[in-house]
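Written out below as C-alpha cells is the structure these notes cover.
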Amino acid sequence: MTTVNDKCNYYDYVKNHPAYKIVVYGAGNEARKNFKYIGHIDYFCDQRAKSIGALEGIPCLLPEELAQIHEKMIVLICIRQVEVIDQICRLFDELQIDAEIFYFFKEPMFSNYDASPYLYSLRSKDRLRIRIVCENDGWILSKFAGKLQEELRKLGQDADIASEEDLMADVNHYVHYEGLKKIYHQSITVRTTMITHVDCQLVANLIQYQTRNNAIGICMSSETMNKLAAWGIPRDKICYVNPAHDGKIMPRKIVLGITNRCYTGYDLRKKDDMILRVCEQIDSHIFKFKIMGSGWEETVEQMKEMGFEVNYYANFDKEIYQELIPSLDYWIFTGFDEGGMGYLDALAAGVKTIVTPQGFHLDTKYGLTYPCSTIKDFIETLQEIQTEKKKIINAVKDWTWENYARKHLEIWQYLTRTKPLQELYAHQSEYMDGIFSMLICNIQG
C-alpha cells in the first residue's frame, strides 16, 4: 500500500524504521544536487533507469524492478513538479509497492537556498492556448471576458471562453476570482484571477488560498494590490492591470460664449478683432463658440474655416439668450468700455468668466474668474484651460482594450516562460501596471 506521509519528520521516520529500504524517486538534476543532504540511500528509481545505470554508485531501478524487491520502502520524491506525486502513487499502487511517500521539497530539514526557481528558462512559443473562465452574466464581467478574448485573438493567441477551466490550456484566467474555489494540481496550467475588490475576510482568505496554490491574482488597481500585500498575500503572487474603456465617449467641447455686437469697422471699443488671433493659438477640438449679436458674420466664417464649431445668432432673441447663457462654460468679453451687460447674466447663471478687469466688472465679488487685458492674457488663459482638459482626457488615453489584453498576455508569457525577457521588458517605463507591477525574475537561465 502506498501512503503519502506529510505529517512525520523524514529523518525521524527513517530512524524509527531501520529495516525499511530508502528509495529516492527521480535521478535528475534535483537528485544530483541534493542527494548529499539525504543520508543513506539504497536505490534511486527513475523511468530512465536503463540509461542512468547508477548515481554516485547507487543503483537506479525502474519502478517495475523496484516492485520485485518485496520489502517495505520509504520513498523520497526528488522531482520539483508537485503533480508527479499523484502519478507516482498511482503507479506504485498498480505495481503493489508497499511504500511511505515523502516529498523532498516540503521537508523543512532539507531546506536550503536554491536559486533554480528564479532562473528564467525559456521555452519559446508564439501562440498560447488561453481559457477565459467566465459565466455569462450578461453584464460587466461577460464584457471583460468578451473584450479580452477579442483582443487576444487579434494578437494571434488561441483564446476561448467557458464556464469551466481547460486543464490542457497554457493559461486559465478567471474573470472573477470567486470562480476559483478549488485547485487541482494534476495540471501544469497557469492560473490567474481578476481581483475586482476585497471587502471582507472571507474574500481575503479565498485569495490567500489561491495564491498559496500558485494562482496569480491580477488586481484592477495598485491600491488593492498593495492592500492585499499588507494583509499577507505573497507579493510575488499578485500584480495589477488597470481596466479599459471602450473609447466611444467623446469629450464635450468647452463652450465659450460671446453676447455682444461686433463693432469692427465702426470703432475698437470691444476689441472684436482679437478673437481670430486668439483662435489661431487654441485647439478647435477642445473649444466651441456660441455667439449672439450682429456683425459677426465674417468673423464666424473665418472661425469655421479654422475648424471651430460655432453656433451663431445674429439677432437678439430673448428666449434663446436665456437658454444660451447657462449652457456656457465661459463667458468672454474683450472690450474696455465700462463692461458688458452679459457679464451680469453669466454670473447670475453661475458661468465662469474670461473678461477685462475694468468698469463694473471690478465691483463684483468673485466675478472675474480669469481677468485678461491683452491678447497674450486671453491666449494663455485659454491654453491653460485647454491643457487642463487634455490632461483629464489623456489620463485614460492608453486604457484601451488592446492594451488591457496585451498587458495580460505579457504576464502570461512571463509565467509560462514562452517569451524572452528582453522582449517582455521592451515597454519598461511606458507604464507601471501589468508585468512591471510583478516581482519578476530577471535572471536568464
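Computed from a predicted structure; not experimentally measured.
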Worksheet entry | Minimum side-chain heavy-atom gap Thr418-Asp170 below 4.5 Å | no

Discussion item. Tell me the closest heavy-atom pair linking Pro326 and Ala349, and the distance in Å.
Written reply: CA-CB, 4.1 Å

Worksheet item: Does CD in Glu164 sit with more than 12 non-hydrogen atoms of other residues, nucleotides or ligands closer than 6.0 Å?
Response: no

Discussion item. So for atom NZ, which belongs to Lys253, do other residues, nucleotides or ligands contribute more than 12 heavy atoms lying within a distance under 6.0 Å?
Written reply: yes

Discussion item. Can a donor-acceptor pair be found, under 3.5 Å and without considering hydrogens, that links the side chain of Thr224 to the backbone of Ser221?
Written reply: no

Discussion item. Could you tell me if the side chain of Pro371 sits less than 4.5 Å from the side chain of Val355, heavy atoms only?
Written reply: no

Discussion item. Classify the ring geometry of Tyr404 against Phe144: parallel below 30°, tilted from 30° to 60°, perpendicular beyond 60°.
Written reply: perpendicular

Practice prompt. Check the pair Glu309 / Phe289 against side-chain contact (heavy atoms from CB on, under 4.5 Å), numbers first and verdict last.
Written response: CA-CA 6 Å; Glu309 181 183 348; Phe289 287 86; over 6 Å; no

Item to complete: State whether a side-chain donor-acceptor pair under 3.5 Å links Thr356 with Gln358.
Response: yes

Worksheet item: Do we see a donor-acceptor contact under 3.5 Å between the side chains of Asn242 and Lys407?
Response: no

Worksheet item: With a 3.5 Å cut-off and no angle check, do the side chains of Asn5 and Glu100 form a donor-acceptor pair?
Response: yes

Worksheet item: When you measure from the centre of the six-membered ring of Phe308, is the NZ or CZ of Lys288 under 6.0 Å away and within 45° of the axis?
Response: no

Discussion item. Strictly below 4.0 Å, N to O, side chains only: are Asp329 and Lys352 in salt-bridge contact?
Written reply: no

Practice prompt. Please report the closest heavy-atom contact between Thr196 and Met220, naming both atoms and the distance.
Written response: CA-SD, 3.7 Å

Worksheet item: Are the aromatic ring centres of His245 and Trp401 under 6.0 angstrom apart?
Response: no

Worksheet item: Which atoms form the tightest heavy-atom contact between Thr353 and Gly367, and what is the distance?
Response: OG1-O, 2.6 Å

Practice prompt. Check whether NZ of the Lys or CZ of the Arg Arg417 lies under 6.0 Å from the centre of the six-membered ring of Tyr414 and within 45 degrees of that ring's axis.
Written response: yes

Worksheet, complete the sentence: So CD1 of Ile79 and OH of Tyr25: to nearest 0.5 Å the spacing works out to 6.0 Å

Fill in: Residues, nucleotides or ligands: over 12 heavy atoms within 6.0 Å of Asn29 CG
no

Discussion item. Looking at every non-hydrogen atom in both residues, tell me the closest pair between Ala405 and Glu151 and how far apart they are.
Written reply: CB-CB, 3.4 Å

Fill in: Side-chain donor or acceptor of Tyr431 paired with backbone N/O of Phe436 under 3.5 Å
no

Practice prompt. Assess whether atom CG of Asp126 is packed by more than 12 heavy atoms of other residues, nucleotides or ligands within 6.0 Å.
Written response: no

Discussion item. As a quick check of understanding, evaluate salt bridge (charged side-chain N to carboxylate O under 4.0 Å, His left out) for Asp283 and Lys390, giving each step before the final call.
Written reply: CA-CA 10 Å; Asp283 192 340; Lys390 286 185 175 180; 3.0 Å; yes

Fill in: Residue pair Leu409 / Leu155, side-chain heavy-atom distance below 4.5 Å
yes

Practice prompt. Give the ring-plane orientation class for Trp331 versus Tyr343, where under 30° counts as parallel, over 60° as perpendicular and anything between as tilted.
Written response: tilted

Discussion item. For the NE2 atom of His173 and the CD atom of Gln149, what is their distance to the nearest 0.5 Å?
Written reply: 12.5 Å

Worksheet item: Just checking, Arg191 and Tyr174: is the charged tip under 6.0 Å from the six-membered ring centre and within 45° of the axis?
Response: no

Item to complete: Verify salt bridge (charged side-chain N to carboxylate O under 4.0 Å, His left out) between Arg80 and Glu30, making sure each step is shown before the conclusion.
Response: CA-CA 8 Å; Arg80 193 171 286 278; Glu30 299 294 352; 3.2 Å; yes

Worksheet item: Is the number of heavy atoms from other residues, nucleotides or ligands within 6.0 Å of CD (Glu319) greater than 12?
Response: no

Worksheet entry | Within the 6.0 Å centroid threshold, strictly below: Phe333 and His361 | yes

Worksheet entry | Check: Ala159 main-chain N/O paired with Arg153 side-chain donor or acceptor under 3.5 Å | yes

Fill in: Test side-chain contact (heavy atoms from CB on, under 4.5 Å) applied to Val75 and Phe92, step by step
CA-CA 10 Å; Val75 177; Phe92 278 26; 3.6 Å; yes

Discussion item. Side chains of Thr193 and Ile216, heavy atoms from C-beta outward: is any pair under 4.5 Å?
Written reply: no

Worksheet item: Any chance CG of Asn315 has more than 12 other-residue heavy atoms, nucleotides or ligands included, within less than 6.0 Å?
Response: no

Worksheet item: Is there a side-chain contact (heavy atoms from CB on, under 4.5 Å) between Ile195 and Ile218 once you walk through the steps?
Response: CA-CA 6 Å; Ile195 299 176; Ile218 304 177; over 6 Å; no

Practice prompt. Tell me, yes or no, whether the heavy-atom count around Met341 atom CE, taken from other residues, nucleotides or ligands under 6.0 Å, exceeds 12.
Written response: no

Item to complete: Find out whether Cys279 and Phe287 are in side-chain contact, i.e. whether some heavy atom of one side chain is under 4.5 Å from a heavy atom of the other.
Response: no

Practice prompt. First locate atom CD1 of Ile385, then atom CD1 of Ile282, and finally report the distance between them rounded to the nearest 0.5 Å.
Written response: 9.5 Å

Worksheet item: Should we count CD of Glu298 as having more than 12 external heavy atoms under 6.0 Å?
Response: no

Item to complete: Find out whether Ile393 and Ile286 are in side-chain contact, i.e. whether some heavy atom of one side chain is under 4.5 Å from a heavy atom of the other.
Response: yes

Discussion item. In terms of relative ring orientation, are Phe316 and Tyr321 parallel, tilted or perpendicular, with 30° and 60° separating the classes?
Written reply: tilted

Discussion item. Please determine whether ring pair (Phe, Tyr, Trp, His ring centres under 6.0 Å) holds for the pair Tyr37 and Phe104, giving the CA-CA distance in whole Å, both sets of side-chain angles, and the decisive distance to 0.1 Å.
Written reply: CA-CA 10 Å; Tyr37 304 114; Phe104 180 87; 7.5 Å; no

Item to complete: Give the intermediate values and the outcome of salt bridge (charged side-chain N to carboxylate O under 4.0 Å, His left out) for residues Arg406 and Glu402.
Response: CA-CA 6 Å; Arg406 192 180 299 277; Glu402 178 186 356; 2.8 Å; yes

Worksheet item: Which is it for Glu150 and Lys154 under the salt bridge (charged side-chain N to carboxylate O under 4.0 Å, His left out) test, yes or no, and what are the steps along the way?
Response: CA-CA 7 Å; Glu150 177 184 345; Lys154 290 179 184 177; 3.5 Å; yes

Worksheet item: Would a distance-only check, ignoring hydrogens and angles, find a side-chain to backbone donor-acceptor pair under 3.5 Å from Tyr240 to Gly434?
Response: no

Worksheet item: Without hydrogens or angle criteria, can the side chains of Lys290 and Ser327 be said to hold a donor-acceptor pair below 3.5 Å?
Response: yes

Discussion item. Between Leu128 and Lys125, is there a side-chain heavy-atom distance shorter than 4.5 Å?
Written reply: yes

Worksheet item: Say you draw a straight line from CZ of Arg235 to CD1 of Ile233; how long is it, rounded to the nearest 0.5 Å?
Response: 12.0 Å

Response to the item:
Taken to the nearest 0.5 Å, the spacing of Asn213 CG from Gln208 CD works out to 10.5 Å

Worksheet item: Using 30° and 60° as the class limits, which term best fits the ring planes of Tyr370 and Tyr330: parallel, tilted or perpendicular?
Response: tilted

Worksheet item: Looking only at heavy atoms, what is the nearest atom pair of Pro357 and Leu368, with distance?
Response: CA-CD2, 3.6 Å

Practice prompt. Flag the pair Ser437 / Met225 as yes when at least one side-chain heavy-atom distance between them is below 4.5 Å, and no otherwise.
Written response: yes

Worksheet item: How long is the span from the CG atom in Asp377 to the OG1 atom in Thr334, to the nearest 0.5 Å?
Response: 12.5 Å

Worksheet item: Do the charged groups of Lys376 and Glu380 touch, with an N to O distance under 4.0 Å?
Response: yes

Fill in: Considering all heavy atoms, the nearest Val175-Leu141 contact
CG1-O, 3.5 Å

